[in-house]
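Presented below is the structure to which this report refers.
Below, chains carry the letters A, B, ... as their sequence lines are ordered, and counting in each starts from 1.
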There are 4 protein chains.
Amino acid sequence: MIQVAINGYGTIGKRVADAVRAQPDMEVVGVAKTRPNFEAETAVEKGYPLYAAIEDRIELFDDAGIELAGTVDELVAAADVVVDACPSGIGADNVEMYREHDTPALLQGGEDADAADVSFNARANFDETTGTDVARVVSCNTTGLSRLVAPLEEEYGIEKVRATLVRRGGDPAQTGRGPINDILPNPVSLPSHHGPDVNTIFPDLAIDTLGLKVPATLMHTHSINVELESTPDAAEVRDLLESQSRTFVIDEHMAIDGAGKLKEYAQDVGRPRADIWENCIWGESITMEGNDLYLFQAIHQESDVVPENVDAVRAILGESDAAESIETTNEALGMGI
Amino acid sequence: MIQVAINGYGTIGKRVADAVRAQPDMEVVGVAKTRPNFEAETAVEKGYPLYAAIEDRIELFDDAGIELAGTVDELVAAADVVVDACPSGIGADNVEMYREHDTPALLQGGEDADAADVSFNARANFDETTGTDVARVVSCNTTGLSRLVAPLEEEYGIEKVRATLVRRGGDPAQTGRGPINDILPNPVSLPSHHGPDVNTIFPDLAIDTLGLKVPATLMHTHSINVELESTPDAAEVRDLLESQSRTFVIDEHMAIDGAGKLKEYAQDVGRPRADIWENCIWGESITMEGNDLYLFQAIHQESDVVPENVDAVRAILGESDAAESIETTNEALGMGI
Amino acid sequence: MIQVAINGYGTIGKRVADAVRAQPDMEVVGVAKTRPNFEAETAVEKGYPLYAAIEDRIELFDDAGIELAGTVDELVAAADVVVDACPSGIGADNVEMYREHDTPALLQGGEDADAADVSFNARANFDETTGTDVARVVSCNTTGLSRLVAPLEEEYGIEKVRATLVRRGGDPAQTGRGPINDILPNPVSLPSHHGPDVNTIFPDLAIDTLGLKVPATLMHTHSINVELESTPDAAEVRDLLESQSRTFVIDEHMAIDGAGKLKEYAQDVGRPRADIWENCIWGESITMEGNDLYLFQAIHQESDVVPENVDAVRAILGESDAAESIETTNEALGMGI
Amino acid sequence: MIQVAINGYGTIGKRVADAVRAQPDMEVVGVAKTRPNFEAETAVEKGYPLYAAIEDRIELFDDAGIELAGTVDELVAAADVVVDACPSGIGADNVEMYREHDTPALLQGGEDADAADVSFNARANFDETTGTDVARVVSCNTTGLSRLVAPLEEEYGIEKVRATLVRRGGDPAQTGRGPINDILPNPVSLPSHHGPDVNTIFPDLAIDTLGLKVPATLMHTHSINVELESTPDAAEVRDLLESQSRTFVIDEHMAIDGAGKLKEYAQDVGRPRADIWENCIWGESITMEGNDLYLFQAIHQESDVVPENVDAVRAILGESDAAESIETTNEALGMGI
Ligand SMILES: NC(=O)c1ccc[n+]([C@@H]2O[C@H](COP(=O)([O-])OP(=O)(O)OC[C@H]3O[C@@H](n4cnc5c(N)ncnc54)[C@H](O)[C@@H]3O)[C@@H](O)[C@H]2O)c1
Ligand SMILES: NC(=O)c1ccc[n+]([C@@H]2O[C@H](COP(=O)([O-])OP(=O)(O)OC[C@H]3O[C@@H](n4cnc5c(N)ncnc54)[C@H](O)[C@@H]3O)[C@@H](O)[C@H]2O)c1
Ligand SMILES: NC(=O)c1ccc[n+]([C@@H]2O[C@H](COP(=O)([O-])OP(=O)(O)OC[C@H]3O[C@@H](n4cnc5c(N)ncnc54)[C@H](O)[C@@H]3O)[C@@H](O)[C@H]2O)c1
Ligand SMILES: NC(=O)c1ccc[n+]([C@@H]2O[C@H](COP(=O)([O-])OP(=O)(O)OC[C@H]3O[C@@H](n4cnc5c(N)ncnc54)[C@H](O)[C@@H]3O)[C@@H](O)[C@H]2O)c1
């Protein structure tokens with residue numbers, strides 16, 4: 001069993017922990033956290049050994065009556081691999097500690113690409129991660145774009161991608177984040193950094209992205225244009241996207257108009273935390289105009305990277321090939337909504 | 001096994017169906033719906049026999065490839081009791097059908113009190129429902145207020161309740177509802193109808209309520225003042241509220257500041273649909289000033305009435321007493337967060 | 001003086017009334033309304049003769065103590081031209097009445113293109129309206145796109161426009177409109193109807209549009225891609241756009257990040273109703289990648305069509321040419337922020 | 001003419017500047033700002049001499065091509081009185097500078113009461129400020145509550161006030177503030193600090209307040225209960241409130257359901273910045289139950305303190321009595337909507 005440590009038990013970290021535990025070949029050796037809030041309490045209830053990420057704060061856990069298993073250093077030492085899910089920027093700072101312990105590490109998309117040896121997407125470049133020390137699972141948006149680009153590139157060839165990312169302002173529990181009533185070009189300067197991030201996975205892809213931030217918390221929504229090198233009809237493209245294991249093509253009769261109903265559907269079918277790991281593509285939106293493909297997809301920012309982290313664990317340790325890992329992960333989680 | 005039909009399989013109906021199925025003494029004999037959307041699909045996947053609520057629409061289900069078990073009339077005939085969870089106003093119209101079939105029926109809080117023989121809250125007036133033909137499980141807000149009033153009244157006596165209900169504008173999937181950026185006195189005329197609704201449960205209670213509507217979807221929040229007949233200290237009141245089976249007193253160390261984190265916590269502990277059946281009372285807010293008690297509570301509008309519906313099934317059939325039913329319901333659902 | 005009637009005194013109608021009054025060659029002969037709310041009261045205070053749009057409702061105005069000048073029929077008869085600013089769909093129904101009175105009429109963008117003889121944008125096709133009976137001032141979004149397309153087409157030639165319209169869910173006072181917390185592909189089917197609407201102004205333009213709706217009320221925001229036929233640099237394009245009389249290029253030092261600050265700026269400089277008649281284009285966003293131009297623009301849905309309506313009055317009556325009318329309108333209003 | 005300096009030219013400061021300029025007995029000697037954004041530009045356009053609040057930043061203004069008149073020290077020296085409208089906390093730090101220059105100063109409600117010699121509300125305690133060095137114009141919420149309390153106390157006597165303040169999350173241009181989709185008890189501990197702040201104006205008043213924060217930007221809304229010492233009927237109370245010069249009782253026929261329509265009305269009647277200086281009380285909501293008065297009022301956080309600042313200038317300099325100052329201010333501004 002692969003011993004996996006999770007450093008940073010927040011939005012991403014807690015989901016990765018549960019997904020790792022669900023795998024037949026992995027075990028959660030422990031999780032590290034900085035503050036004794038409701039998430040810490042839940043970690044303990046779930047039986048995850050809890051480690052203090054910052055020594056000075058050990059006392060706070062004591063005060064809250066939450067038992068600790070040790071410090072993050074001990075956790076990293078005990079692990080075969082560490083998944084770092086700390087807030088943006090802190091992951092890069094932690095790399096030195098991981099290297100000192102010779103523990104392979106996965107960073108998240110909040111870190112700069114050059115903080116890691118390689119950037120990772122299971123569908124697109126699994127093998128490049130094997131044998132590296134530090135890999136970065138790309139961000140929720142880049143993951144969503146990569147899953148779309150990969151089959152289109154393989155099947156039809158891509159001239160250029162132009163994508164407008166209408167991003168949620170904050171996650172549902174991030175009460176300090178706005179805007180309350182605005183649509184913010186973000187970043188204002190174009191093209192946005194999201195395109196270059198996709199290039200860490202597809203170095204030769206022509207892609208320009210534009211980002212905005214709006215007062216919504218549930219999912220990002222991508223307005224996508226792909227100029228293809230050939231001219232399949234829309235039905236063919238839809239078939240192709242339906243055949244992918246991590247995309248969900250929303251059927252017209254479901255009457256799903258946005259992220260609210262998508263999450264409601266995920267709740268209804270019993271998904272843990274109502275997570276939607278798949279790209280959600282509106283079937284009705286898939287359209288070809290000449291060689292211009294258009295579509296809308298919604299991306300659940302809190303969870304689409306979770307199966308990717310699981311695969312990246314196997315990739316960095318060289319424990320599996322892409323197809324086998326993806327299948328194992330999917331089956332263990334119950335992918336396919 | 002009590003055969004329970006659910007007519008109206010939406011926000012409330014689908015939750016009641018799952019809660020009924022979880023009970024040791026009940027079975028879902030079928031659910032009725034009007035439209036073949038994602039909820040209809042999920043009903044079928046869950047193995048609930050699906051009945052057409054409106055004959056004209058049978059074809060629509062056929063078109064969507066969703067199999068029907070019959071019409072709502074057949075469903076009501078086959079049931080020991082029917083839980084009506086149709087949109088406001090339709091429940092009252094359905095009463096005639098239920099009476100024709102001699103099937104005892106539960107309505108929801110969207111119906112006027114006089115559409116039913118009695119209004120129901122498990123904690124406060126379970127027995128009054130036994131033997132009636134039609135009972136009404138009071139609304140989410142009235143349920144939340146009743147659970148608070150009952151122990152306070154018993155323990156300290158109540159001079160008067162004054163409550164401001166800051167209500168969510170719509171449920172998360174109700175994309176057509178506003179406001180987007182406003183705080184609406186609603187209703188404008190005072191006191192609001194919520195007080196008289198509480199009086200259907202506590203006829204002699206002095207209570208004045210004020211309602212507002214705001215751009216939030218997760219939970220209602222109540223700003224509560226109760227003038228007590230005695231002057232316990234805040235710690236005592238907190239103990240009392242912690243001892244109730246359907247209230248959750250939020251501890252300070254959990255660092256939960258609103259509905260977003262409450263729902264996140266519910267997700268993390270694995271609650272189905274992240275439902276919170278309990279009144280959520282901020283421990284830190286419980287305060288006594290003279291004989292004035294103040295506190296904040298959040299009410300999950302989509303689910304607090306669910307355990308009440310389950311109890312009301314037993315109450316109307318005379319199958320149990322209050323304490324036993326509440327305990328059975330709580331245990332089957334996993335009440336107590 | 002041109003005698004202008006305004007039928008429908010709501011968001012658009014009241015602004016057109018004030019803009020007409022500000023013109024040296026026009027007079028408001030009266031405004032028609034259906035309900036005696038605060039807007040009716042203000043119309044009277046401003047000295048606009050108020051006509052009842054619906055006879056049955058005359059009594060309501062009496063009850064509210066608001067004096068009427070007559071019925072809409074009398075108003076249309078007295079006018080040289082009528083600006084119809086009724087809710088979508090009603091304008092088309094009114095055309096018969098306007099034709100009966102032989103009064104030239106302007107409809108708004110909520111009406112279908114074929115309800116009118118021609119669609120109008122001052123910058124792009126002023127002359128085509130002269131001599132028609134019924135012209136349609138295109139919608140806020142189409143107006144915003146047309147103002148951008150016209151100079152780019154003239155100066156550089158356009159291969160294709162691809163635009164994602166991130167639309168506000170409702171106007172600030174429309175409390176019944178959502179969504180509260182969602183990003184809705186709207187319409188879901190692609191390309192959206194906005195492109196064909198632009199083609200009513202530029203019949204030969206290649207344009208594909210995608211629309212979304214978000215929980216914001218202040219302005220629409222457009223994420224724009226224009227494939228040009230030549231390759232100017234970004235600074236040149238910026239100069240071109242700065243030289244237009246109805247675009248406002250937001251300078252970096254102003255630190256304006258969205259619609260909130262734009263409206264605040266409009267308030268600060270004393271714009272009536274904080275209206276922004278101009279397309280607001282973020283200077284920093286104007287970018288060329290090869291022959292792909294990218295930029296963000298915000299469109300004040302409530303007011304960008306107002307100067308266009310004023311010009312359309314002159315156009316339909318053949319009272320002026322485009323350049324002269326635009327200059328008169330701009331000067332009277334104080335265009336140029 | 002009283003020479004008034006404004007230190008901190010933001011939301012409050014720029015409004016106070018315009019209000020001061022509108023007075024017959026005052027002049028704006030200059031305004032001080034820290035950053036060369038759109039507000040700085042507008043200050044210059046309006047002809048307010050602009051001073052640098054922080055020396056290190058002078059260069060930034062130069063870069064933006066915005067001319068400065070000097071530093072804040074010079075400004076304070078030149079003024080008869082300074083209105084400090086810096087962000088919370090900075091005002092208190094500035095007091096030393098004002099004392100050094102012997103320039104009487106007004107702080108805003110974001111400062112602690114003990115940063116000033118006295119707290120000020122024109123209607124309630126004008127005279128107490130005369131002759132002090134530093135007075136604090138109480139916050140928007142406290143101003144709104146004080147205006148309500150004063151006439152009720154005088155006319156009927158007050159047993160106790162209980163108020164729930166449903167507060168906007170941020171001002172319209174504050175895009176960094178949340179929550180996006182939540183209702184936050186804020187502060188969680190009760191009663192909130194707003195009650196004691198009202199006691200700086202009415203030391204003997206029994207008042208308990210509860211605060212919440214919601215995703216809205218336009219106005220605060222207060223849900224009010226006042227236990228009176230006598231039992232007037234609702235119509236009498238309404239008359240009393242209508243007779244006050246800084247309250248606006250919203251009539252039923254206006255069909256105003258919230259802050260969106262209130263601000264729209266203010267726009268329509270041509271209020272500068274659509275400001276509403278008055279407490280906006282829903283007439284229909286004014287209700288007596290026994291000796292319990294209930295009502296809803298909306299408070300425009302950005303502007304209700306503006307006339308109070310103007311009055312406080314006269315009060316601290318001993319230039320007028322309350323009645324005369326209020327009348328002058330009201331007339332100059334056009335109070336009474
Ligand atoms: N939330 C998203 O939508 C999302 C999506 C994809 C990727 N990401 C990326 O994932 C990473 C984590 O983001 P998140 O949203 O889970 O953040 P989060 O704030 O929800 O969780 C971070 C956790 O790390 C803990 N932490 C803080 N400092 C720490 C330290 N020094 N050592 C150990 N733990 C520490 C915090 O207590 C918290 O539990 C970021 O790089 C982010 O960019 C986030
Ligand atoms: N949503 C809440 O927050 C909430 C809380 C407490 C009580 N309630 C009450 O519960 C009742 C149901 O509300 P909801 O929110 O679940 O509504 P909903 O709209 O989510 O669900 C209603 C369901 O009834 C179906 N339906 C419509 N017409 C029907 C008919 N004629 N026959 C059978 N089914 C029909 C609809 O297809 C839908 O599935 C209402 O009385 C409401 O006031 C709602
Ligand atoms: N609001 C916008 O953002 C916007 C932008 C551009 C174009 N438009 C278009 O302008 C038109 C008007 O929209 P609006 O937003 O001003 O609507 P609105 O609802 O604000 O105003 C419509 C007015 O018409 C009145 N009215 C209703 N029925 C009437 C009738 N039969 N006769 C006369 N008056 C009647 C109403 O009382 C109201 O005052 C629509 O076609 C709309 O699509 C609106
Ligand atoms: N905005 C409201 O709703 C509101 C309502 C009532 C009272 N207040 C109070 O008014 C005060 C000002 O609030 P605001 O909303 O106007 O803030 P703001 O942020 O809009 O404006 C503050 C201004 O002060 C400037 N500034 C910052 N540091 C400065 C310094 N050291 N010296 C001089 N200027 C400096 C900023 O550039 C800005 O222009 C606070 O005490 C606040 O609590 C605000």
Side-chain angles (χ1 to χ4, degrees), chain A residues 9-11 14-15 17-18 35-43 45-46 60-61 63-66 170-177 179-182 214-218 250-275 302-303 337, chain B residues 9-11 14-15 17-18 35-43 45-46 60-61 63-66 170-177 179-182 214-218 250-275 302-303 337:
Chain A
Y9 186 81
T11 304
K14 67 191 176 188
R15 286 171 164 86
D18 290 357
R35 288 174 313 152
N37 64 355
F38 70 89
E39 288 173 328
E41 189 159 302
T42 318
E45 270 166 35
K46 293 197 173 193
L60 293 176
F61 288 86
D63 293 351
I66 295 177
D171 296 333
Q174 290 183 308
T175 48
R177 295 180 67 158
I180 291 175
N181 183 37
D182 215 329
V214 301
T217 65
L218 301 177
I250 306 167
D251 198 67
E252 286 76 345
H253 88 271
M254 298 187 95
I256 287 177
D257 64 350
K261 290 203 181 60
L262 273 170
K263 295 279 294 174
E264 180 103 358
Y265 180 50
Q267 283 181 0
D268 286 356
V269 300
R271 279 287 175 94
R273 292 187 176 87
D275 280 347
E302 301 172 293
S303 75
I337 204 167
Chain B
Y9 186 82
T11 304
K14 66 190 176 189
R15 286 172 165 84
D18 290 357
R35 288 173 313 152
N37 64 355
F38 71 89
E39 287 173 328
E41 188 159 302
T42 318
E45 270 166 35
K46 293 196 174 193
L60 294 176
F61 287 86
D63 294 351
I66 295 177
D171 295 333
Q174 291 182 308
T175 48
R177 295 180 67 158
I180 290 175
N181 184 36
D182 215 328
V214 300
T217 64
L218 300 176
I250 306 166
D251 199 67
E252 285 77 345
H253 88 270
M254 299 188 96
I256 288 177
D257 64 350
K261 289 203 181 61
L262 273 170
K263 295 280 293 173
E264 180 105 357
Y265 179 51
Q267 283 182 0
D268 286 356
V269 300
R271 278 286 175 96
R273 294 185 174 89
D275 280 347
E302 302 173 291
S303 75
I337 205 167

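- Of the listed residues (A:L262, A:L60, A:D251, A:T175), the greatest number of heavy-atom pairs within a distance under 4.5 Å of chain B belongs to A:T175.
- A search for salt bridge (Lys or Arg N to Asp or Glu O under 4.0 Å) contacts involving B:R271 returns B:E278, not counting sequence neighbours.
- For A:D171, the side chain to side chain contact (heavy atoms under 4.5 Å, CB included) partners are A:T11, A:R168, A:Q174, A:Q301, A:E302, not counting sequence neighbours.
- When heavy atoms are compared at a cutoff of 4.5 Å, A:K261 approaches chain B by way of both its backbone and its side chain.
- The minimum heavy-atom distance linking A:A173 with B:E264 is given by the pair CB-OE1, 3.8 Å.
- Here the closest non-hydrogen pair linking B:A64 and A:H253 is CB-CD2, 3.8 Å.
- In this structure, chain A has a heavy atom under 4.5 Å from the backbone of B:P36, while its side chain stays farther away.
- When the candidates B:R15, B:R35, B:E252, B:Q267 are compared by the number of heavy-atom contacts under 4.5 Å with chain A, B:Q267 comes out ahead.
- Under a 3.5 Å cut-off, the side chain of A:K46 and the backbone N or O of B:D268 do form a donor-acceptor pair.
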